[in-house]
Amino acid sequence: MFKHIGVVGAGLMGSEIALVFALAGRRVKLNDSDPKLLDESVNRLERVLQKGIDRELYAADAIQVVLPRIQLCTTLKDYSDCDLVVEAVYEDERVKSNVFKELDRIVSDECIIASNTSSISITTLASQVSEVRRARFIGTHFFSPVSKMRLVEVIPGLDTDGSIIEEVMSECRDIGKTPIEVKDVVGFAVNRLLHAMMIEATRLVEEGVATPEDIDVACRLGLGHPIGPFQLMDATQISLSLQVQEILCAAYGDRFKPRPIMKQMVGAGYNGKRSGRGWYKT
Ligand SMILES: NC(=O)c1ccc[n+]([C@@H]2O[C@H](COP(=O)([O-])OP(=O)(O)OC[C@H]3O[C@@H](n4cnc5c(N)ncnc54)[C@H](O)[C@@H]3O)[C@@H](O)[C@H]2O)c1
């Protein structure tokens, strides 16, 4: 069990990753390069706790008890006593590399460094830290919203030690998550599954086989999914799905080639819920 956790990046993912560790009783340090976003992350976490998290572990008085366990830090220098640091900054290899180089200088030799990247190779990211640290470098791919989604894909790099995989899997279980070990391949496991389905769903619409609404109904009522693929694309922005599919296509070829209608929609600004129009009109 780890006592002191560090999280770098207080955005959508990082702030809730900090929260799930704090909910499980860990002392957490949370850093963001933008101090304004760091403050905003606390407001976001208050809202998440107010809405309630449907697990026994999380008491009603969580705001008073849990949030004080999260210390906001404006510098990574405060991370020297961390046992585990999870990075959740922008999905940009250069930005992440700079964070890892700095962390490697600051944290103790025992500290494990994990990345929440969704598309960059863990082995590539691990090459930014010293050779000895690479045994203690790993991927921990959480899912959004982190306070609700139980899965964590745990991804060892080429040099990750077997005992570190075990330690990280065990810590994930301790904080109420269900980890699965996945090889360091592009898209890991879940994004490959998800986008194969999204592409086929889009093809069905292009062929006029069924409407987006009806395919969403089919997935909810026929397959037991909590949300259909078109609702999901609208909620998370269609441009993000397109970007992931382009990465998967570059790695695996035409089976992940984004459908033309997605490019047309993104080009026209029909990007989903936030832009008022996507597969659905809001
Ligand atoms: N959004 C998702 O559904 C999702 C799911 C799984 C994994 N991921 C991955 O998690 C990571 C974070 O995604 P997000 O959606 O939370 O992004 P986000 O844009 O909401 O948050 C990123 C945060 O990192 C901060 N940041 C940038 N550079 C920094 C630096 N050098 N030091 C400290 N903070 C820095 C930014 O200010 C921002 O607050 C990405 O790698 C993404 O691919 C995202």
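Just follow the structure's listing: the first ligand is 1, and inside any ligand the first atom is 1.
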Quiz item: Are R26 and F2 in a cation-pi contact, defined as NZ or CZ under 6.0 Å from the six-membered ring centre and within 45° of the axis?
Solution: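 Pair R26/F2 does not count as cation-pi.
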Self-check item: K96 touching ligand 1 at heavy-atom level, < 4.0 angstrom
Solution: yes
Using a heavy-atom cut-off of under 4.0 Å, does the side chain or the backbone of [X] touch ligand 1, or both, or neither?
| X | answer |
| --- | --- |
| T236 | neither |
| S33 | both |
| F143 | neither |
| T117 | backbone |
| V8 | side chain |
| L37 | side chain |

Self-check item: Residue list, salt bridge (charged side-chain N to carboxylate O under 4.0 Å, His left out) with E91, at least two apart or on another chain
Solution: K96
Quiz prompt | Ligand-side contact atoms (ligand 1) for residue partner H141, heavy atom cut-off under 4.0 Å | solution = 6 (C), 7 (C)
Quiz item: What atoms of ligand 1 come closer than 4.0 angstrom to any heavy atom of S144?
Solution: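 Result: 3 (O).
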Quiz item: Any sub-3.5 Å donor-acceptor pair from N271's side-chain atoms to I238's backbone N or O?
Solution: yes
Self-check item: atom 3 (O) of ligand 1 touched by protein heavy atom at under 4.0 Å
Solution: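 Neighbour list for atom 3 (O) of ligand 1 includes protein heavy atoms (cut-off 4.0 Å).
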Practice problem: Select the closest option to atom 7 (C) of ligand 1 among L240, N116, V7, judged by heavy-atom distance. | Solution: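 Comparing heavy atoms across L240, N116, V7, the nearest one to atom 7 (C) of ligand 1 lies in N116.
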